[in-house]
Amino acid sequence: MGNEAEGSDLAGDYIFDVAHTRIGFVARYAMVTKIHGLFKEFEGRVHIDAAEPAKSSGQLRIVAESIDTGVEQRDNHLRSNDFFAMPTYPEITFTSTSIEQAGADTYRVTGELTIKDVTNTVALDVGFTGSAVDPAGNTRIGFEATATINRKDWGGQLECAPGSRWSPRQ
């Protein structure tokens, strides 16, 4: 992986390397299967204060239309007013509001997630996966983040075919 950087060496400002970053999701469909997808267009940045992690911050902007589940018909439905209403709300954004160190290499990042002009507080569980210096001398850092959200919190509807039933089991 290259030369490991020490924690204090990681302080600074970083932009997401979109060629090596994935913004993915897993969604339940009909409560019986999981759909995997990703957003192909996004930009983000983080400021890391290694001495005081609580002073760190991050922002993410996703181009909502870049959603890709591997099925064009489903992707077009997700882009519609039934879900993301992308012509009206072309971006999804996240801005951190607090960062707490939870363990040696784990953090709890709380922030404001805006989808369809509705903003809710979301907590991300973030793990530091490593750092390295690339051949050009740039420090690269890696993190993985997870969160669970409920689309109904942003006005998402539960679609059912006529005559079908759904169960709100999680």
Side-chain angles (χ1 to χ4, degrees), residues 10-29 34-103 105-131 138-159 170:
L10 301 179
D13 297 304
Y14 296 87
I15 59 169
F16 286 28
D17 177 353
V18 297
H20 298 99
T21 302
R22 182 177 188 275
I23 307 295
F25 61 88
V26 178
R28 283 261 186 214
Y29 175 74
K34 294 179 180 178
I35 304 300
H36 295 256
L38 60 99
F39 292 95
K40 292 182 172 183
E41 295 178 45
F42 55 88
E43 63 184 22
R45 65 179 47 114
V46 295
H47 169 75
I48 297 179
D49 186 320
E52 295 185 60
K55 291 184 178 179
S56 299
S57 62
Q59 298 86 34
L60 172 66
R61 185 186 69 80
I62 298 170
V63 176
E65 190 164 332
S66 72
I67 195 167
D68 185 354
T69 65
V71 177
E72 184 177 357
Q73 182 178 3
R74 177 174 49 224
D75 295 344
N76 288 335
H77 187 212
L78 291 170
R79 291 179 183 114
S80 76
N81 288 339
D82 289 346
F83 291 94
F84 288 112
M86 292 177 188
T88 306
Y89 308 106
E91 295 182 348
I92 298 168
T93 61
F94 177 83
T95 301
S96 68
T97 56
S98 70
I99 298 176
E100 301 172 23
Q101 190 155 5
D105 289 330
T106 58
Y107 303 86
R108 183 76 161 179
V109 178
T110 302
E112 301 298 317
L113 178 63
T114 302
I115 302 173
K116 289 178 68 172
D117 208 25
V118 176
T119 301
N120 287 304
T121 300
V122 172
L124 304 173
D125 293 317
V126 180
F128 175 66
T129 59
S131 66
N138 300 306
T139 299
R140 302 289 180 165
I141 58 174
F143 293 92
E144 290 182 346
T146 60
T148 300
I149 64 170
N150 185 333
R151 71 177 179 206
K152 291 188 287 184
D153 293 340
W154 284 269
Q157 300 300 312
L158 295 170
E159 75 290 350
Q170 295 292 332

(message) Has Thr97 got a side-chain atom pairing as donor or acceptor with Thr110's backbone, closer than 3.5 angstrom?
(response)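 Checking the backbone N and O of Thr110 against the side chain of Thr97, a donor-acceptor pair under 3.5 Å is found.
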(request) Give a yes or no on this: more than 12 heavy atoms of other residues, nucleotides or ligands lie within 6.0 Å of atom CD of Gln101. (result) yes
(request) Sequence neighbours left out, what passes side-chain hydrogen bond (donor to acceptor under 3.5 Å, both in side chains) with Gln59? Give chain and number order. (result)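 So Gln59 forms no side-chain hydrogen bond (donor to acceptor under 3.5 Å, both in side chains) with any residue.
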(request) Please identify each residue that fulfils side-chain hydrogen bond (donor to acceptor under 3.5 Å, both in side chains) with His36, with sequence neighbours left out. (result)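 Scan of His36 (side-chain hydrogen bond (donor to acceptor under 3.5 Å, both in side chains), adjacent residues dropped) gives none.
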Closest contact, heavy atoms only, [X] versus [Y]:
{"X": "Leu78", "Y": "Phe83", "result": "O-CB, 3.3 Å"}
{"X": "Ile149", "Y": "Trp154", "result": "CB-CZ3, 3.7 Å"}
{"X": "Ser57", "Y": "Ser96", "result": "CA-OG, 3.4 Å"}
{"X": "Asp153", "Y": "Asn120", "result": "O-ND2, 2.8 Å"}

Residues 38-52 side chain polar contacts: donor-acceptor under 3.5 Å, at least two apart:
{"from": "Lys40", "atom 1": "NZ", "to": "Asp68", "atom 2": "OD2", "distance (Å)": "2.9"}
{"from": "Glu43", "atom 1": "OE2", "to": "Arg61", "atom 2": "NE", "distance (Å)": "3.2"}
{"from": "His47", "atom 1": "ND1", "to": "Asp13", "atom 2": "OD1", "distance (Å)": "2.7"}
{"from": "Asp49", "atom 1": "OD1", "to": "Ala51", "atom 2": "N", "distance (Å)": "3.2"}
{"from": "Asp49", "atom 1": "OD1", "to": "Glu52", "atom 2": "N", "distance (Å)": "2.8"}
{"from": "Glu52", "atom 1": "OE2", "to": "Lys55", "atom 2": "NZ", "distance (Å)": "3.3"}

(message) Checking Thr69 against Phe25 for the side chain to side chain contact (heavy atoms under 4.5 Å, CB included) test, could you report, in this order, the C-alpha distance in whole Å, the side-chain angles of both residues, the deciding distance, and whether it holds?
(response) CA-CA 9 Å; Thr69 65; Phe25 61 88; 3.9 Å; yes
(message) Run the side chain to side chain contact (heavy atoms under 4.5 Å, CB included) test against Ala85 and tell me which residues pass, sequence neighbours left out.
(response) Asn81, Tyr89, Lys116
(message) Going by the rule salt bridge (Lys or Arg N to Asp or Glu O under 4.0 Å), which residues pair with Asp105 if we only count those two or more places apart in sequence or in a different chain?
(response)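 Expected list: none.
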(message) The criterion is salt bridge (Lys or Arg N to Asp or Glu O under 4.0 Å); which residues satisfy it with Asp75, sequence neighbours excluded?
(response)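 For Asp75 there are no salt bridge (Lys or Arg N to Asp or Glu O under 4.0 Å) partners, ignoring immediate neighbours.
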(message) Taking the side chain as everything from C-beta on, heavy atoms only, tell me whether Val126 gets closer than 4.5 Å to Glu144.
(response)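 Result no, sub-4.5 Å side-chain heavy-atom pair not found.
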(message) Let's go through Arg108 and Asp125 carefully: what are the C-alpha distance in whole Å and the side-chain angles of both, what is the deciding distance for side chain to side chain contact (heavy atoms under 4.5 Å, CB included) to 0.1 Å, and is it a yes or a no?
(response) CA-CA 5 Å; Arg108 183 76 161 179; Asp125 293 317; 2.4 Å; yes
